[in-house]
Amino acid sequence: MSKPKNTIKLLLVDDEIEFLNSTAKALRRRGFDVTTLQDPEVGLKIFEHERFDVAVLDVKMPEISGDQLFRQIKIHWPEMPVIMLT
C-alpha cells in the first residue's frame, strides 16, 4: 500500500519508549508517516539520507538534549519546523 503524496513525514525523537510508541501509533492512525528514534545522536545522522517535513523532539534526553538537537537541525535544515515536547 503506497502512501498518499501529501502525507507528512514526521521524525519523533524521545528517550521514553512507551511514550514514543504510543504517540507514534496515534499519529500513524491520523495519517502521518512517522519515524521514531530513542537516540538523539541517530537523529542527526538520519538527516543525511532522509528528509522530514517536521521534527518532534523531547527536551530532556540523556547525552544530547532536545535543545542541542534542535540547534543542530536548524544549522543544517533551517526551514524544517521543529516541535519541542516537555
Side-chain angles (χ1 to χ4, degrees):
M1 184 172 157
S2 64
K3 302 252 183 220
K5 287 186 178 189
N6 60 352
T7 299
I8 295 173
K9 284 190 65 163
L10 185 143
L11 176 65
L12 179 60
V13 184
D14 196 304
D15 60 315
E16 296 179 30
I17 190 68
E18 289 180 20
F19 175 80
L20 190 68
N21 289 338
S22 63
T23 302
K25 183 177 179 181
L27 290 167
R28 287 182 182 118
R29 278 196 311 253
R30 287 165 178 79
F32 290 89
D33 178 4
V34 182
T35 298
T36 60
L37 296 174
Q38 279 187 276
D39 184 346
E41 288 186 45
V42 175
L44 290 175
K45 294 177 182 152
I46 198 169
F47 286 109
E48 294 173 11
H49 52 81
E50 200 165 340
R51 294 290 174 244
F52 297 92
D53 298 309
V54 63
V56 180
L57 313 174
D58 183 17
V59 172
K60 292 185 179 181
M61 293 184 283
E63 297 180 31
I64 295 178
S65 72
D67 290 336
Q68 291 169 310
L69 184 55
F70 170 81
R71 283 189 218 103
Q72 290 299 311
I73 288 171
K74 288 302 179 177
I75 288 169
H76 300 289
W77 305 277
E79 302 290 320
M80 179 181 297
V82 177
I83 299 168
M84 304 295 293
L85 301 176
T86 60

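This is a predicted model, so every value here is computed, not measured.
- A side chain to side chain contact (heavy atoms under 4.5 Å, CB included) with I73 is found for one member of V13, L11, L57 and no other, namely L57.
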Practice item. Could you give me the CA-CA distance, side-chain angles and deciding distance for L20 and E16, then say whether side-chain contact (heavy atoms from CB on, under 4.5 Å) is met? Key: CA-CA 6 Å; L20 190 68; E16 296 179 30; over 6 Å; no
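- Using modelled atom types, one side-chain atom of D53 and one backbone atom of K9 make a donor-acceptor pair closer than 3.5 Å.
- Considering CG of N21 and CD of Q38, their distance stands at 7.5 Å, rounded to 0.5 Å.
- In this structure, K25 NZ and R30 CZ are separated by 11.5 Å, a value rounded to the nearest 0.5 Å.
- Side chain of Q72 to backbone of L69: no donor-acceptor contact under 3.5 angstrom is found.
- Taking each heavy atom of D15 and P62 in turn, the nearest pair found is OD2-CD, 3.4 Å.
- Surrounding CD of E50 are more than 12 heavy atoms belonging to other residues, nucleotides or ligands, all under 6.0 Å away.
- No single ILVMFWY cluster, assembled from side-chain heavy atoms under 4.5 Å apart, contains both V82 and I75.
- In this structure, CG in L85 is found 7.0 Å from CG in D14, a value given to the nearest 0.5 Å.
- Between V54 and M80 the shortest heavy-atom distance is CA-CG, 4.2 Å.
- Listed here is the closest heavy atom pair of M61 and P40: CE-CB, 3.9 Å.
- Open room surrounds NZ on K60; 12 or fewer heavy atoms of other groups in view lie less than 6.0 Å from it.
- The backbone N or O of F19 lies less than 3.5 Å from a partner atom in the side chain of S22, making a donor-acceptor pair.
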